[in-house]
Structures are given as structure tokens and as C-alpha cells.
Amino acid sequence: MHVPTAKPVYVLNGPNLNMLGLREPSIYGHETLADVEARVHRHAEKLGLRVEFRQTNYEGELVTWIQEARDKACGILLNAGALTHTSVAVLDALNAAELPAIEVHLSNVFRREAFRHQSYVSLAAVGVICGFGPASYTLALDGLASILAGKTAGTKASA
Ligand code: DHK
């Protein structure tokens, strides 16, 4: 699939994802965030998409980037880290962005602690990909590309 679009996909990462590779490798794997970013760029190129890839440890900065995406992006892939489970502000920003958003996690959050089963991000996301390690990001990009090409009727994309 090739989806030419003028605007990039914003791939946004929240707290502690800068620690990938060092952080609990039995859960999050050995790839660094730079490795994941390179993987995402390679895959995006095949899909004809451009990517703006960022990470922050700050909730407010993540909210600001989601607000920015409203005008500057064609869609959002979001691994909000722990903010997934706590942040109404991130949820509100996603709803305000009015863009197709896909929730991403490296780990299968449903095999983990009960507090990770709750997601505010899910309330605004077209779909969720979790449990595939770094491949969660490229699978999510495939899903977003399909939505942007009009081949998948995402709930938020059609809103
Ligand atoms: C990353 C985190 O930092 C956690 O707080 C989430 C997610 C899961 C992940 O699997 O990518 O609970």
C-alpha cells in the first residue's frame, strides 16, 4: 500500500520510553528507542508516509504535541507510556485533535498488572496494538495507512 499524504504521521512516545534497551528488557526488549525510530522510518517509507517521531517524559509536552498534530499531522501513533493509564489531559487532547489515532504498546498490557488494563487513550483511539515489541509500531503504522487510504473504516477517521 502506498499512501501519499502531504502531512507526516506523528509518532509520539511518553515517559520512560527513552529508557528502552536498558529498561526491564524482559518486558520491553533490547532495542533502543533510536532502533524503534529507525524501524518506523524504514516502514513508513515503504508505505509512502512521512513520520515525525518524538519522546517526552512530560505530560504537558505530550499534550502540546498532540495539539500541534491537529494542524500538522495526518494521524497519530501514540505510546503514552504510563500516562496511558492516568491522563485525562492526553485523552482530551486526542479528542480535540480530530485525527485518526492508534494506541501502541510494546508489551501486552493485558498480561500485566490490573492498573495497566485501563486506558484513557483507548477512549479516543481507532484501535490498539500491543504485545508485539517494536513490531507493534510498524503494525500500527500499517493500520493507520489502511485508514488513511480509506480501506479501513476507523471510528475516529470517519468522525
Ligand atoms: C510502556 C510503558 O511505559 C508502560 O507504562 C505501559 C507501555 C506499557 C508499553 O508496553 O509500551 O503500561
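Keep in mind that the numbers below use all heavy atoms, side chains included, and drop hydrogens, waters and symmetry copies. Just so you know, ligand 1 is whichever comes first in the structure, and atom 1 is the first atom listed for that ligand.
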To which protein heavy atom is atom 5 (O) of ligand 1 closest, and what is the distance rounded to 0.1 Å? Ala82 N, 3.0 Å
Please check if atom CZ in Arg111 has more than 12 non-hydrogen atoms from other residues, nucleotides or ligands closer than 6.0 Å. no
Lys7 side chain to Asp71 main-chain N or O, any donor-acceptor pair under 3.5 Å? yes
Top protein contact for atom 10 (O) of ligand 1, by heavy-atom distance: Ser107 OG, 2.6 Å
Is it the case that the side chains of His43 and Asp142 hold a donor-acceptor pair, with the cut-off being a distance below 3.5 Å and no angle test? yes
Among residues at least two apart in sequence or on other chains, which ones pass side chain to side chain contact (heavy atoms under 4.5 Å, CB included) with Ala80? Leu62, Leu78, Leu83, Thr84, Val121
Distance alone, cut at 3.5 Å: any donor-acceptor contact between the side chains of Arg112 and Ser107? yes
I need the nearest protein heavy-atom contact for atom 1 (C) of ligand 1: residue, atom name and distance, please. Tyr28 CE2, 3.7 Å
With distance as the sole criterion, is a donor-acceptor pair present between the side chains of Asn13 and Tyr137 under 3.5 Å? yes
For ligand 1, which atoms have a heavy atom of Val109 less than 4.0 angstrom away? 8 (C)
Can a salt bridge be assigned to the pair Glu52 and Arg54 using a cut-off of 4.0 Å between side-chain N and carboxylate O? yes
May I ask you to identify, for Ile27, whether its side chain, its backbone, both or neither come under 4.0 Å of ligand 1 on a heavy-atom basis? neither
Within the 4.0 Å heavy-atom cut-off, what His105 brings close to ligand 1 is both
Is it the side chain (CB and beyond), the backbone, both or neither of Asn16 that lies under 4.0 Å from ligand 1, heavy atoms counted? neither
Do Val90 and Val109 sit in one hydrophobic cluster, given that two such residues count as connected whenever their side-chain heavy atoms are within less than 4.5 Å of each other, even indirectly? no
Quick check: Arg116 and ligand 1, any N/O pair under 3.5 Å apart? yes
Quick note on ligand 1: atoms under 4.0 Å from a heavy atom of His85 include exactly 6 (C), 12 (O)
Of the backbone atoms (N, CA, C, O) and the side-chain heavy atoms from C-beta on, which set of Arg23 has a member under 4.0 Å from an atom of ligand 1: side chain, backbone, both, or neither? side chain
Would you say Leu106 has any N or O atom under 3.5 Å from an N or O of ligand 1, going by distance alone? yes
Would you say Asn79 has any N or O atom under 3.5 Å from an N or O of ligand 1, going by distance alone? yes
